[in-house]
Amino acid sequence: MGKFNILDIMNEKTREQINQGTAAGFREITLEYNDIVKTEHNSYTMDDLQELATGILMGGLQEPLVVGLVDGKYLLSSGHRRLAAIEILVKEGHEEFKMVPCRYKVQSMIEFRMAILIGNTFNRKMTDFDLMNQARQWKEVLTQAKKEKVIALERGDRIRDYVAEILKEPPEKIKQLQAIDNNAVDSVKEEFAKGNLKTTVAYAASRLPEDKQEDIAARAAAGQDVKCDEIRQQTEKKKKDKAEELKAADASDTDTTEEEKENARKLHAIKMLEKYYTYLNDEEVGILERMLEDCKRRKREYAIEEG
């Protein structure tokens, strides 16, 4: 499996070939409809299936389905609405449609997911909520593909920059969408998905405490027009309150022992880890687990000595 530059998929002809299964390496095959596996990575809408089924009944299947042969299974890449329509026809007794013409290619799971994303990204109009989901999936796929040395990235370039290039969006917008995806509470995401919160507003809300986010989501659900400036004021107030809190802590340092200061520093570090725990890698988690066991051991030892 050779390397390729991810930006090559921006070529319109290449995208079309992958989506139709006419690119190099695809072969013709006929599969029973039950042998074609639909995966969780398919995210198309499934509208007007009965109408499509009638069209296939009258005129036949005009284009083969596109599948990836991954670990011995034929996974559906393109044509999920047509497959759903064929399932309707077979259930109605039209068994002549049980055998489905397909184009397939042997692929790794990463190559298959990339093909799915190409279909989703370039063949449908997306809302900003859709873009948020696409950005997450592209980041996952590109990160894994880079790890498996499937793709070639320029040294120093960030995955986010490639995601922005693929989605044809400014890097700053991708940053905002990723922040919403990572930090917004579910209710904010729901209102964002419905279009009741604009991207900039949802991003600003994602930087607030959860209870404040819930309030904003409730107001948006009630039809109120929440403005960015209002949220920024809340954010600034939060920063100001924090600064005053730190100032007050500094002012009382003369009444605080060195041991209390050190304990406060440790507690602050632990609280920050709790806030950013999702960014820990496996090695760092392992270190923390060993630190915890060591602390437990010392506590037991000190307890014995004190007794």
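Bear in mind that the values here come from a model prediction, so they are computed numbers and not experimental data. When a residue number appears, it is its place in the shown sequence, counting from 1.
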*asked:* Measuring only between side-chain heavy atoms, which start at C-beta, is P101 closer than 4.5 Å to L61?
replied: yes
*Walk me through it: do D215 and K212 pass the test salt bridge (charged side-chain N to carboxylate O under 4.0 Å, His left out)?*
CA-CA 5 Å; D215 289 343; K212 299 294 185 183; 5.2 Å; no
*Calculate, to the nearest 0.5 Å, the distance between atoms CD1 and CG belonging to I86 and L49 respectively.*
11.5 Å
_I'd like to know if the side chain of K189 reaches the main chain of D181, judged simply by a donor and an acceptor atom lying under 3.5 Å from each other, with no hydrogens or angles considered._
yes
*asked:* Membership question, hydrophobic clusters at under 4.5 Å side-chain separation (ILVMFWY): are L83 and M99 in the same one?
replied: no
_So for atom CE, which belongs to M58, do other residues, nucleotides or ligands contribute more than 12 heavy atoms lying within a distance under 6.0 Å?_
no
*Going through the distances and angles, do I36 and V67 end up as a side chain to side chain contact (heavy atoms under 4.5 Å, CB included)?*
CA-CA 8 Å; I36 302 171; V67 298; 4.0 Å; yes
*asked:* Does this structure show an ion pair linking R103 with E63, if we count only N-O contacts that are shorter than 4.0 Å?
replied: yes
*At what distance, to the nearest 0.5 angstrom, does OH of Y74 lie from CG of L31?*
5.5 Å
*Might you point out which heavy atoms bring S77 and A115 nearest each other, and give the distance in Å?*
OG-CB, 3.8 Å
*asked:* Minimum heavy-atom separation for K139 and V163, please, with both atom names.
replied: N-CG2, 4.0 Å
*Just how far is it from atom CE of M132 to atom CD of Q137, taken to the nearest 0.5 Å?*
10.5 Å
*asked:* Less than 4.5 Å apart, side chain to side chain, heavy atoms only: is that true for L57 and F97?
replied: yes
_Against Q144, only a single residue in K146, E148, K147 fulfils side-chain hydrogen bond (donor to acceptor under 3.5 Å, both in side chains); can you say which?_
E148
_So T127 and F192, do their side chains get closer than 4.5 Å, heavy atoms only?_
no
*asked:* Less than 4.0 angstrom from a charged side-chain N to a carboxylate O is my criterion; do D128 and K173 meet it?
replied: yes
_Salt-bridge contact E293-R290 (side-chain N to carboxylate O under 4.0 Å)_ = no
*Taking it one step at a time, do K296 and D294 satisfy salt bridge (charged side-chain N to carboxylate O under 4.0 Å, His left out)?*
CA-CA 5 Å; K296 290 179 179 179; D294 192 49; over 6 Å; no
*Any side-chain heavy-atom pair of Q50 and T54 under 4.5 Å*: yes
*Name of the residue among Q224, E191, R219 meeting side-chain hydrogen bond (donor to acceptor under 3.5 Å, both in side chains) with N196*: E191
*Would you give the length of the straight line joining atom CZ of R265 to atom CD1 of I270, rounded to the nearest 0.5 angstrom?*
11.0 Å
_Spacing of CG belonging to L142 relative to CD1 belonging to I166, to within rounding of 0.5 Å_ = 5.0 Å
*Please lay out, stage by stage, how E92 and L89 fare under the test side chain to side chain contact (heavy atoms under 4.5 Å, CB included).*
CA-CA 5 Å; E92 291 177 349; L89 292 175; 4.0 Å; yes
_Count I, L, V, M, F, W, Y as connected when their side-chain heavy atoms are under 4.5 Å apart, and connections chain through other members. Are F112 and V37 then in the same cluster?_
yes
*In sequence, state the C-alpha distance, the side-chain angles, and the governing distance for L273 and L280, and then conclude on side chain to side chain contact (heavy atoms under 4.5 Å, CB included).*
CA-CA 9 Å; L273 278 175; L280 294 172; 4.2 Å; yes
*asked:* To the closest 0.5 Å, what do you measure between CG (D71) and CE (M109)?
replied: 6.5 Å
*asked:* Please give me the minimum heavy-atom distance between I56 and A85, naming the atom from each residue.
replied: CD1-CB, 3.9 Å
*Which atom names give the shortest non-hydrogen contact between M114 and W138, and what distance separates them?*
CG-CZ3, 3.8 Å
_Tell me the closest heavy-atom pair linking A217 and V188, and the distance in Å._
CB-N, 3.8 Å
*Is it true that K175 and E169 have a side-chain N and a carboxylate O under 4.0 angstrom from each other?*
no
*N/O donor-acceptor pair under 3.5 Å between N281 side chain and E284 backbone*: yes
*Heavy-atom side-chain contact between L197 and I216 under 4.5 Å*: yes
_Which atom of N183 lies closest to which atom of Q213, heavy atoms considered_ = O-NE2, 3.4 Å
